[in-house]
Asks: 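Below: one structure in structure tokens.
If you're wondering where the values come from, they're calculated on a predicted model, not measured in any experiment. Chain letters run A, B, ... following the sequence lines, proteins first and then strands; every chain starts at 1.
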Amino acid sequence: MSSEDKIVLIDEKGRRIDGRGPEDLRPIRMEIDVLKNADGSAYVEQGGTKVIAAVYGPREVHPRHLAFPDRAAIRCRYHMAPFSTSERKSPAPSRREIELSKVIREALESVVFTQLYPRTVIDIFIEVLQADGGTRCAGLTAASLALADAGIPIRDLIAAVAVGKIDGVLVLDINETEDEHCEADMPMAMAPSFNEIVLLQLNGVLSPEETSKAIELGKKGIMKIYELQKETLKKKYELSTRRSQVVT
Amino acid sequence: MSSEDKIVLIDEKGRRIDGRGPEDLRPIRMEIDVLKNADGSAYVEQGGTKVIAAVYGPREVHPRHLAFPDRAAIRCRYHMAPFSTSERKSPAPSRREIELSKVIREALESVVFTQLYPRTVIDIFIEVLQADGGTRCAGLTAASLALADAGIPIRDLIAAVAVGKIDGVLVLDINETEDEHCEADMPMAMAPSFNEIVLLQLNGVLSPEETSKAIELGKKGIMKIYELQKETLKKKYELSTRRSQVVT
Amino acid sequence: MSSEDKIVLIDEKGRRIDGRGPEDLRPIRMEIDVLKNADGSAYVEQGGTKVIAAVYGPREVHPRHLAFPDRAAIRCRYHMAPFSTSERKSPAPSRREIELSKVIREALESVVFTQLYPRTVIDIFIEVLQADGGTRCAGLTAASLALADAGIPIRDLIAAVAVGKIDGVLVLDINETEDEHCEADMPMAMAPSFNEIVLLQLNGVLSPEETSKAIELGKKGIMKIYELQKETLKKKYELSTRRSQVVT
Amino acid sequence: MLIPKIKKKSILSMLERDLRLDGRSPNQYRDISVHVGVIEKAEGSALAKIGNTVALVGIKVGVGTPFPDLPDQGVLAVNAEFVPLAFPTFEPGPPDENAVELARIIDRSLRELDVVDLKKMTIIPGEKVYIIWLDIYVLDHDGNLTDACMLASMAALLNTKVPKAEADDRGFIKLNKDEATPLPVNRRVVIVSIGKVGGKLIVDPNLEEEQVLEAKLSISIGDNGVVAGMQKTGLSSFTQEEVEKAVEIALNKSKELFTVIDEALKKPSSLWEALRNNG
Amino acid sequence: MLIPKIKKKSILSMLERDLRLDGRSPNQYRDISVHVGVIEKAEGSALAKIGNTVALVGIKVGVGTPFPDLPDQGVLAVNAEFVPLAFPTFEPGPPDENAVELARIIDRSLRELDVVDLKKMTIIPGEKVYIIWLDIYVLDHDGNLTDACMLASMAALLNTKVPKAEADDRGFIKLNKDEATPLPVNRRVVIVSIGKVGGKLIVDPNLEEEQVLEAKLSISIGDNGVVAGMQKTGLSSFTQEEVEKAVEIALNKSKELFTVIDEALKKPSSLWEALRNNG
Amino acid sequence: MLIPKIKKKSILSMLERDLRLDGRSPNQYRDISVHVGVIEKAEGSALAKIGNTVALVGIKVGVGTPFPDLPDQGVLAVNAEFVPLAFPTFEPGPPDENAVELARIIDRSLRELDVVDLKKMTIIPGEKVYIIWLDIYVLDHDGNLTDACMLASMAALLNTKVPKAEADDRGFIKLNKDEATPLPVNRRVVIVSIGKVGGKLIVDPNLEEEQVLEAKLSISIGDNGVVAGMQKTGLSSFTQEEVEKAVEIALNKSKELFTVIDEALKKPSSLWEALRNNG
């Protein structure tokens, strides 16, 4: 949102720089169980954004006094690989990564049945391998799949997307170039089955009416991503069922 | 004590740059119980120097092995706000702040009945909000008031002042400009009722005779500050007594 | 191995810059029990390289969960004094010091009977006071003497030396200037009585045949250093026996 | 920090009747006061109180190099310290995730509305620019730090004088405090935080309430009536309707906050006054 | 991480018959695959798998100042992160001694053979040079990280394109990605790690085997058949004869690894492909 | 570090008769020795022993930029490391409060008396100056580190040779060690530390005594007979009379210390000699 140059982000036909219409998501694909050591893992590609998430736990907490007597603690690290960005990023956590780790953790905690695992910790690690806009959202989408893959009981998956405002138009799922030049960037995440908004941030300026419309638009994208998440889990589940039948 | 410029710090009439005579303190005012969360707190203004001190404790120590079986541990942090100095100060503790935290802690520990609270810790936090010379002294003056305000048993209050040598003259309670150009700066603190010097530092050069005279001069200032401290406590005590009578 | 300048490191008579032949060690001297507080200590000079090593332990581990139930933990710190190098070195541990601490620790652990002291830690501190090549090797030589001086049961001493390749010639015990311009630098350490290579690194390029010859050459140097180590211990032992006889 | 369940119960049952434990109505702020100019040595400063929450902001102006990609702009650096004298569990050391989040929320609110006209803060284009250090110091924490810190930050910026930059004979840039002009401020922004508890929305939750909140939404409002930032925090969620209602409330309450700032700017105050009337 | 003694016994007894728990012979690598070009935004990248061990390397090219003692050379900076998603005991934070050692082994192997022609990486001699950031990311750890990380590093360097450096009108150097040329690479290097257990030497120990190893020797081999680095790790030792035998094995096995790199370079791949065929 | 109360009792009862456990009188130092030139590669160095306390100081001379407010002066940087080999409770890591305090006491003593003539340490005024790194290394701690470290620091400065600064053909400043001149030293300073125990003052407390001290006063004395610094440490206090008496003692004892330095400077020594006669 800072640069000086004027770039045409939406042409006269309403097409965005990558050819999408305002309400189009970028191509998404996702896969679970991509890592061997992690208890659960998922890989998500959303346009040029590539994130991998892993879950360890529930497991013992060290040091002990960080444990809760009545529920599992959730720790979350959102981290960007040094080679994921245009300029090399130092691997030390930036203030941005510290903030995003917090809001992502709070969003995930809203769906995990933490009270089932008192005195333990569930660790969620999100690594951004290539950043092209919407990394926190793709990270959330991946992390909730990894939780499911780890067999940790959750009320719902979390699906997330960023809505932007470009040249006065609300658009879905902005990419990095759009993010850099947009008037507003509103990442949001939901527990879709419950219609609950579990992450909501706004960087930029919207009128109150636009805020409502942006949430509406975000919901549409989230529902599509949610369907894909469920398919991904189902496919794997069927596969493993088939496998186990073969074994039997 | 470093700058090249020659500034007239004492005029021909013996007046200092802020109009004081050599043995004059700067205007001082102090107040206790200025913070709600802290167990005790105090605010001290001495000329342009403004410090606030808070005390928490006695309370549990984490991790446990830092506790003493026979007395309370005392921790002390002297810290300068980034906006307190002429050039913005990084909030990370400087070597100067580490040293001053130590000597202030040792001075305060000399008056606290630590043996009354074994296995606990008493935390003393001093924040310099505006620095205009004599901040460690004002910090000590405030910290001992905060200890009293917290109801922690102490043998005596601590009062402190810096003595300087300017153009060959010993002067009381130097301000920042004087500190920067003086030949010697001798911060000292006492438990006044016991005539005990509990902090003594000398930065600069004095003859042995001047050392004695400087201590003598410092004592005079300390006694005045001590009276103010006692008045401050008394006023508050009467106020709260009156209040409690009203309640009764 | 980086500089551009061509320096004559071996003259036409086969003499090295400090007058040695290819298979000559630099002058070495060593002494144990040079520090009072340490449980064991040793000082080693090898040419211009000067290292001191100290051992504390077996002693209690803090925090406890770092202890092993079946053996002593060994901690090792290889550290260079800021004034030990040509350019002043920051006292914060460099990546090189972190790596060398690890390989030195692993080499020493191979000879210590750690299972004799479960739940304890043995701390080994190596300080390079002047660096002129071969500091990790001199550090190992000193550290094993310090372990012996501390009375910690070891299977064997460790003796170490660096072999280099200069202008195509394999040479023993390279100094700093040789190290900077050599084609290969191969530090190695042995438990000499057992013919065991406990540390082996190669920086630089050797043919497979040269690798064998370099190890052969290193062994020769190591055996000489080993003899010196044993003499050093023997001398001290006799001395202390004589002393105790005097006492008796 | 565990509040007895019984307290949560009483908070909820009172909210059923649109009442709060401290007597406020759901949309009511606690007493608010702002004092500007309390740190005379700083180029700008303000102390804001919301109830017993106290935030002090000092602004220092320095000289530095611009960001390579923004060579013709000054630099604004926002930092928050939750110093340990403010709360029993605040610890010394680098800012934790809460302090980092708060600083970044305020930083974004200022940046998105171009509150400070950084393009006017260049000294030598591409080489030397002004650096505006905005340091937030929380002195007493009784809930809703965000709104208090934003208030103090906004008031401190409006209180800031920028010293004239002059080159000395060696070409070094020095700042001359005797010739200072007001910091160029384009517009104002405040934050209104709205908590959700038992499905009810409440403005300006205090510490006691924060401990039972399900979630909180901090909404930045510009003096031109726009939403200039949002941040949901807390372990639960909002519905779209709740967000919309919260935005409406925030727009409304922002007017009160702008008025408080206006009043405060009328005369500079002293730290002595600001801190003493705490009793 | 304590493996039952019974597993050690079975590893040893199988090795008596030159067999390994996973069916390999002593000198056999697990399945190896290398995918290049998997991070399109990076100037170079590769993902290498040896069995279930997965290492991802990304290379970024930047502009900086040369080292004072090497004013006419570019800078190569090798860093390794053992991110916590890769293994239960990996922790967030700065690289530990294992990550530092691994990065330094790879760094030395590249440097000693002048793998990257840093002399060609100068922009303005003595003032501006290219900086090649080689960042190693371990994604899944099932033993023998060294060989996998070296493979990925070497393949990523061979996949790297260096953007053209251009001065803008202010004289600042900018990189133009549209005009990029291959990174000048003089030669190739791989590492073959050989473990010792029960006195036997085994190539490419997996995690299970690493937990019972007495010692390990990682040997760097250049594509010209030289030994370009060695590092002994582990608490026990090697004899001279064992070292000689290990060098011989490493020379032999290096050919397989060079072939894997050659194959990988034939066509760029995608991270999707590279990660999915993990099953 | 708890010394049995019984030892404190015996220390006190002996002091009643002006005797100390190690046979010294109250105003007596332990054996002192200073060796200069022990680190040949450093520009200056000295090892000082007071009893079993051993401090090593090395001085490196480098080139850097001056402080902006002191453009025409060299820079003196004093640092102290309490390395863990010196004492059971010393830990690796950045200097703790004791090491920081000690370094700052020595730094101030040197600075207040202009011991090093920093105005002569400019290379290019305002741009390049000499940096004098004075690094204190405590090797063995048996009490009274301050006096031993000051002694070693002062002797090392007097042993220091400053290499000539020369510009190479690119204009970079290089130091030529072959043409070195003595560091310009204006005058000398030592520190005399005086402990208070049972109301008695004792010079040079050893570790055993330090553990029972009520308080300690470290007094810096210039060779012109001035007090150039004081630092009270410890949990108890001094009266004015005690301070005055301590200053008198320090003035007296300083002469012994200056003589030790004079003797040491007569011939450089070796670390081998310096460390070996520890027995």
Asks: Please state whether the side chain, the backbone, both or neither of E/V61 comes within less than 4.5 Å of a heavy atom of chain A.
Replies: neither
Asks: Check whether A/E45 gets within reach of chain E through its side chain, its backbone, both or neither, counting any heavy atom under 4.5 Å.
Replies: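 Just its side chain gets close to chain E.
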Asks: Atom CG of residue position E/D31 - does it have more than 12 heavy atoms of other residues, nucleotides or ligands inside 6.0 Å?
Replies: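 Not buried by this count: 12 neighbours or fewer within 6.0 Å.
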Asks: Looking at E/G62, E/P84, E/A42, which one has more heavy-atom pairs under 4.5 Å with chain A than the rest?
Replies: E/P84
Asks: Restricting to non-hydrogen atoms, name the atom on A/K50 and the atom on E/V38 that form the minimum distance, rounded to 0.1 Å.
Replies: NZ-O, 3.2 Å
Asks: Apply side-chain contact (heavy atoms from CB on, under 4.5 Å) to E/L85 and A/E127, showing your working.
Replies: CA-CA 8 Å; E/L85 60 59; A/E127 291 289 341; 3.7 Å; yes
Asks: More than 12 heavy atoms of other residues, nucleotides or ligands under 6.0 Å from CD of A/E227: is that the case?
Replies: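 Yes, because the 6.0 Å sphere around CD of A/E227 holds more than 12 heavy atoms from other groups.
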Asks: Checking E/E40 against chain A: side chain, backbone, both or neither under 4.5 Å from a heavy atom?
Replies: both
Asks: Is it true that, when you exclude E/K177 itself, more than 12 heavy atoms of the residues, nucleotides or ligands shown sit nearer than 6.0 Å to its NZ?
Replies: yes
Asks: Side chain, backbone, both or neither: which part of A/A92 has a non-hydrogen atom closer than 4.5 Å to chain E?
Replies: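 Neither part; nothing is under 4.5 Å.
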Asks: Check for a donor-acceptor pair, side chain of E/K60 on one end and backbone N or O of A/T85 on the other, with a separation under 3.5 Å.
Replies: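 Yes, because the side chain of E/K60 sits within donor-acceptor range (under 3.5 Å) of the backbone of A/T85.
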Asks: Going from OG on E/S270 to CZ on A/R29, what distance comes out if it is rounded to the nearest 0.5 angstrom?
Replies: 5.5 Å
Asks: Would you call E/V83 and A/R77 a side-chain contact if the rule is heavy atoms closer than 4.5 Å?
Replies: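 E/V83 reaches A/R77 side chain to side chain.
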Asks: If you round to the nearest 0.5 Å, how far is CG of E/L275 from CG of A/L35?
Replies: 7.0 Å
Asks: Please state whether the side chain, the backbone, both or neither of A/R88 comes within less than 4.5 Å of a heavy atom of chain E.
Replies: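 A/R88 touches chain E through backbone and side-chain heavy atoms alike.
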Asks: Is any side-chain heavy atom of A/Y43 closer than 4.5 Å to one of E/R276?
Replies: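 They are not in side-chain contact.
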Asks: For A/R59, is it the side chain, the backbone, both, or neither that has a heavy atom closer than 4.5 Å to a heavy atom of chain E?
Replies: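 When you check distances to chain E, only side chain atoms of A/R59 fall under 4.5 Å.
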Asks: Nearest 0.5 Å please: distance from the CG atom of E/L134 over to the CZ atom of A/F83.
Replies: 10.0 Å
Asks: Check whether more than 12 heavy atoms from other residues, nucleotides or ligands sit under 6.0 Å from atom CD of A/E87, and answer yes or no.
Replies: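 No, the 6.0 Å shell around CD holds no more than 12 heavy atoms from other groups.
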Asks: Do the side chain of E/K41 and the main chain of A/G48 share a donor and acceptor less than 3.5 angstrom apart?
Replies: no
Asks: So with a 6.0 Å cut-off around CZ of E/F172, is the heavy-atom count from everything else above 12?
Replies: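 No, not enclosed.
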Asks: Ignoring hydrogens and angles, tell me if any N or O in the side chain of A/N37 forms a donor-acceptor pair with the backbone of E/A86 under 3.5 Å.
Replies: yes
Asks: Find the one option among A/P82, A/A53, A/P91, A/A54 whose heavy-atom pairs under 4.5 Å with chain E are most numerous.
Replies: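 The option with the most such pairs is A/P82.
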Asks: Return the CG to OG distance between E/L175 and A/S86, rounded to the nearest 0.5 Å.
Replies: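 Taking CG in E/L175 and OG in A/S86, the distance rounds to 11.5 Å.
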Asks: Show the nearest heavy-atom pair for residues E/W272 and A/M30, with the distance to one decimal.
Replies: CH2-O, 3.5 Å
Asks: Let me know if A/S41 has heavy atoms under 4.5 Å from chain E in its side chain, its backbone, both or neither.
Replies: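 Neither; nothing under 4.5 Å.
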Asks: Given a strict heavy-atom distance threshold of 4.5 Å, which part of A/I124 is in contact with chain E: side chain, backbone, both, or neither?
Replies: neither
